Trainee: 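To start, I am sharing the structure in question, which I have written as structure tokens.
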Amino acid sequence: MPVRGAAQLSRRLGQKKRLLEAEEPGSDLHGAPTPSPTEPRLGRPASLGPQRSLYFSSSKSCSARLGSEFFDQPAVALAQAFLGQVLVRRLDDGTELRGRIVETEAYVGPEDEAAHSRGGRQTPRNRGMFMKPGTLYVYVIYGMYFCMNVSSRGDGACVLLRALEPLGGLETMRQLRSALRKGTAGRALKDRELCSGPSKLCQALAIDKSFDQRDLAADTAVWMERSALGASEPAVVAAARVGIGQAGEWAQKPLRFYVRGSPWVSVVDRAAEQSTQSGPLASVCSHEAF
DNA sequence: CGGACGATTTTCT
DNA sequence: GAAAATCGTCCGA
């Protein structure tokens with residue numbers, strides 16, 4: 001097997017560059033002058049004011065942006081509460097990409113042997129896990145993909161977003177997902193292939209390392225909107241988490257949650273579905289915030 | 001400073 | 001189903 005040529009690499013990078021230029025002309029995200037890797041991004045107060053007032057005056061409460069108080073709950077509760085909510089990504093050209101969260105995983109903190117924060121390890125990479133609830137923790141996996149987490153209540157605790165039901169901007173998602181794929185630009189991806197995995201959804205929403213440590217409650221390019229599960233989908237499955245090995249008690253714990261029967265979930269666990277009790281999640285359906 | 005390893009996805013057999 | 005792709009991060013020397 002010949003070593004991957006520089007020509008091929010640059011061609012692929014060129015593809016991505018072209019796409020990003022098309023999607024986000026005059027991007028200030030990708031064109032920012034060499035930010036420090038650990039530089040915190042805490043939103044843009046200058047543009048937040050006008051946008052927020054416009055937002056509140058033109059939107060109904062059912063699509064209200066979720067604030068800091070929502071994210072301030074323990075990881076398991078937050079992982080369940082995320083199901084049904086809508087993740088929104090606004091590209092620099094104004095395009096809004098939307099997806100309904102259908103699968104999450106809870107990483108409960110230093111005692112969780114499968115968490116990056118296990119044993120209380122705190123490094124520059126996982127700092128977001130220790131920041132205030134609602135802070136994003138985005139990290140690189142396998143040298144080429146990203147995973148997106150939201151910090152929850154509890155030091156070193158967070159929730160991994162694993163799958164979305166794409167709701168808006170599907171064609172842009174398809175382009176973003178296809179851009180880095182190998183070979184002949186291939187066939188068009190099916191809708192189900194857009195966001196059915198933690199790194200797929202990051203690709204589809206153009207979430208990269210520059211989103212690490214941003215505040216999901218305040219950022220202008222990414223946020224979450226309230227949209228609880230409907231009565232027709234009352235059941236949530238609790239299953240073992242994916243990709244963390246089989247060994248140890250923490251690998252077995254049912255800390256992955258997904259909407260039963262949803263075709264948008266990345267991995268279904270039939271055995272877990274047998275043993276998971278059906279029933280509405282009261283916390284998801286409640287309206288205590290309003 | 002070097003080696004091993006991923007909270008994955010894609011491609012090939 | 002198996003194996004490759006691909007490199008930031010972490011840890012031990």
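Here is the naming used below: chain letters follow the sequence lines, and residue numbers restart at 1 for every chain. Please read all numbers here as calculations on a predicted model, not as lab measurements.
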Trainee: Could you state the CZ-P distance from A:R241 to B:dT8, rounded to the nearest angstrom?
Mentor: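 After rounding, the gap between these two atoms is 12 Å.
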Trainee: Whole Å only: how far is the CG atom of A:L189 from the C1' atom of B:dT11?
Mentor: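 The answer, rounded to whole Å, is 14 Å.
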Trainee: As a test of reading the structure: which of B:dT10, B:dA7, C:dT6 is closest to the side chain of A:K200, going by heavy atoms?
Mentor: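 Of the candidates, B:dT10 comes closest.
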Trainee: Tell me: CG of A:L161 to P of B:dA7, nearest whole Å?
Mentor: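 Checked: the CG to P distance equals 16 Å.
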Trainee: Of the nucleotides C:dT6, B:dT10, B:dA7, which has the atom closest to the A:R177 side chain?
Mentor: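 Selected nucleotide: B:dT10.
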Trainee: Where the side chain of A:Y142 is defined as all heavy atoms beyond and including C-beta, which of B:dT9, B:dG6, B:dA7 is the nearest nucleotide?
Mentor: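 Within the option list, the nearest is B:dG6.
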Trainee: May I have the distance from A:M129 (atom CE) to C:dT9 (atom P), rounded to whole angstrom?
Mentor: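 Distance check: A:M129 CE to C:dT9 P gives 15 Å.
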Trainee: For DNA chain C, which residues in residues 109-118 of chain A have a heavy atom at a distance below 4.0 Å?
Mentor: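 Nucleic-acid contacts, sorted: none.
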Trainee: Could you tell me which non-hydrogen atom of A:W250 sits nearest to which non-hydrogen atom of A:A114, and how far apart they are?
Mentor: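 Looking at all heavy atoms of both residues, the shortest contact is CB-N, 4.5 Å.
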Trainee: Are any of A:R125's side-chain N or O atoms less than 4.0 Å away from OP1 or OP2 of B:dA7?
Mentor: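 Answer no for this pair, as no side-chain N or O of A:R125 is under 4.0 Å from OP1 or OP2.
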Trainee: Would you check if A:R89 and A:E96 make a side-chain contact, meaning some heavy-atom pair closer than 4.5 Å?
Mentor: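 No, their side chains stay 4.5 Å or more apart.
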Trainee: Could you run down the sub-3.5 Å N/O contacts of the protein with nucleotides 11-13 of chain C?
Mentor:
from	atom 1	to	atom 2	distance (Å)
C:dC11	OP1	A:R121	NE	2.9

Trainee: Nearest of B:dT10, B:dA7, C:dC10 to any side-chain atom of A:Y137?
Mentor: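 Nearest to the side chain of A:Y137 among the choices is B:dA7.
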Trainee: Across all strands, who's sitting opposite B:dA7 as a Watson-Crick or G-U wobble pair, both distances under 3.5 Å?
Mentor: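 Partner of B:dA7: none found under 3.5 Å.
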Trainee: Mind checking if A:L160 touches a base, just sugar-phosphate, or nothing, with heavy atoms under 4.0 Å?
Mentor: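 Touches a base.
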Trainee: Looking only at non-hydrogen atoms, find the nearest pair between A:S196 and A:V265 and report the distance.
Mentor: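 Heavy atoms only, the tightest pair is CB-O, 4.4 Å.
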Trainee: Which residues pass the side-chain contact (heavy atoms from CB on, under 4.5 Å) test with A:Y139, not counting sequence neighbours?
Mentor: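 Listed in chain order: A:H116, A:R125, A:Y137, A:I141, A:C147, A:N149.
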Trainee: Quick check for you: among B:dT8, C:dC10, C:dT9, whose closest atom lies nearest to any side-chain atom of A:K209?
Mentor: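 The closest nucleotide is C:dT9.
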Trainee: Among B:dT10, C:dT6, B:dA7, find the nucleotide with the atom closest to the side chain of A:M144.
Mentor: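 My answer, after comparing the listed nucleotides, is C:dT6.
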Trainee: A:N126 has an atom CG; how far is it from atom P of C:dG8, in whole Å?
Mentor: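 Computing the A:N126:CG to C:dG8:P distance gives 18 Å.
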Trainee: Please determine whether a side-chain nitrogen of the Lys or Arg among A:R127 and A:D212 lies less than 4.0 Å from a carboxylate oxygen of the Asp or Glu.
Mentor: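 Salt bridge between A:R127 and A:D212, a charged N being under 4.0 Å from a carboxylate O: no.
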Trainee: State which residues pass side chain to side chain donor-acceptor pair (under 3.5 Å) with A:R118; sequence neighbours excluded, sorted by chain then number.
Mentor: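 With neighbours one apart ignored, the set is empty.
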Trainee: Between B:dA7 and A:K253, is there an OP1 or OP2 to side-chain N/O distance shorter than 4.0 Å?
Mentor: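 Answer no for this pair, as no side-chain N or O of A:K253 is under 4.0 Å from OP1 or OP2.
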Trainee: Which residues pass the side-chain contact (heavy atoms from CB on, under 4.5 Å) test with A:V267, not counting sequence neighbours?
Mentor: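 Result, side-chain contact (heavy atoms from CB on, under 4.5 Å) vs A:V267: A:R162, A:V242, A:R256.
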Trainee: Looking at every non-hydrogen atom in both residues, tell me the closest pair between A:L160 and A:P198 and how far apart they are.
Mentor: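 Residues A:L160 and A:P198, closest heavy atoms: CD1-CB, 4.2 Å.
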Trainee: Sequence neighbours left out, what passes side-chain contact (heavy atoms from CB on, under 4.5 Å) with A:D155? Give chain and number order.
Mentor: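 side-chain contact (heavy atoms from CB on, under 4.5 Å) check on A:D155 returns A:F130.
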